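Have a look at the structure below before the remarks.
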Amino acid sequence: MALALLPVLLALTSAAPRRTPPRTTPSPLERSLPLLRLRGGSSSADSAISPVSSEAELELLLSEAGTRLVVLDFYADWCGPCKKIAPHLERLARASGGRVLFAKVNVDEARALAASHGVRSMPTFLLLRRGAEVGRIVGADRARLEQVVARAQMHPVLRVLSGEKLLAAAAAAYLLWASTQGGKQLA
């Protein structure tokens, strides 16, 4: 019975107009970055993390990022903690859905780039926004990395309201206000 329906199915599928997906042109970053074998054995085409090996590639990545957070992972192939946190970093990159950009720099291949950013131990995660360093995580601190990425994905207003700086500023403003009252009783 199934064999009898096969010619009918073939005729229906060949008669249907074929739609080709719209061709998307790669971004300048995709065109400039070579497909490299990264730690974990995946190529950059399979990875949500872009490889960076020069200052020019980093500048291109930062210009594409705009106001998004960029997590720049400085690692080495021989580094045990780097290998241990790599799957977690890949998971975070995929889960961020492009709201946070991830890139990795092999310090053995890009020593000048690592030195220019003051990287002395691996892994070091440099957090960049609008081209400026906004934070740094030294070591394979998975919880801190997840916290930073989760906070970066928040709405900007919620990010400000949840920040420690806002709480410290509010406490300082209260203390300043209380000191100017000079012992007056508020009724």
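Fair warning: this is a prediction, and the values are worked out from it, not measured in the lab.
Judged by distance alone, the side chain of Arg68 and the main-chain N or O of Leu101 form no donor-acceptor pair under 3.5 Å. Under a 3.5 Å cut-off, the side chain of Glu90 and the backbone N or O of Ala48 do form a donor-acceptor pair.
Across Phe102 and Ser96, no two heavy atoms sit closer than the pair CE1-OG, 3.8 Å. Nearest approach of Pro51 to Glu57, heavy atoms of both residues: O-OE1, 3.9 Å. Here the shortest heavy-atom pairing between Leu113 and Ser53 reads CD2-C, 4.4 Å. Taking every heavy atom of both residues into account, Ile85 and Pro123 meet most closely at CG2-CG, 4.4 Å. Taking both residues in full, the closest heavy atoms of Ala76 and Val107 are given as CB-CG2, 3.9 Å, listed atom of the first, atom of the second, then distance.
The shortest side-chain heavy-atom distance between Leu145 and Val71 falls under the 4.5 Å cut-off. Proximity of Val52 to Leu61: side-chain heavy atoms (C-beta onward) are separated by under 4.5 Å at one or more points. Looking at heavy atoms from C-beta onward, Pro81 lies out of side-chain contact with Met122 at the 4.5 angstrom threshold. Within the 4.5 Å cutoff, the side chain of Val105 has no heavy atoms near those of the Tyr75 side chain. Contact annotation: the side chain of His117 approaches that of Leu58 to within less than 4.5 Å [non-hydrogen atoms, C-beta and beyond].
Atom CG of Asp77 sits about 6.5 Å away from atom CD of Glu109, to the nearest 0.5 Å. With rounding to the nearest 0.5 Å, the separation of OG in Ser50 from CG in Asp73 is 12.0 Å. Atom CG of Leu127 is separated from atom CG of Leu69 by 5.5 Å, given to the nearest 0.5 angstrom. The CG atom of Asp141 lies 9.5 Å from the CD atom of Glu146; values are rounded to the nearest 0.5 Å. Taking SG of Cys79 as the reference point, atom NZ of Lys84 lies at 11.5 Å (rounded to 0.5 Å).
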**Prompt:** Would Val119 and Leu126 satisfy side chain to side chain contact (heavy atoms under 4.5 Å, CB included), going step by step from the backbone distance to the final call?
**Reply:** CA-CA 9 Å; Val119 174; Leu126 204 59; 5.8 Å; no
**Item:** Steps toward side chain to side chain contact (heavy atoms under 4.5 Å, CB included) verdict (Phe125, Val148)
**Value:** CA-CA 11 Å; Phe125 300 96; Val148 165; over 6 Å; no
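For Arg136, the salt bridge (charged side-chain N to carboxylate O under 4.0 Å, His left out) test picks out Glu133, with sequence neighbours left out. Residues passing the salt bridge (charged side-chain N to carboxylate O under 4.0 Å, His left out) test with Arg111, sequence neighbours excluded: none.
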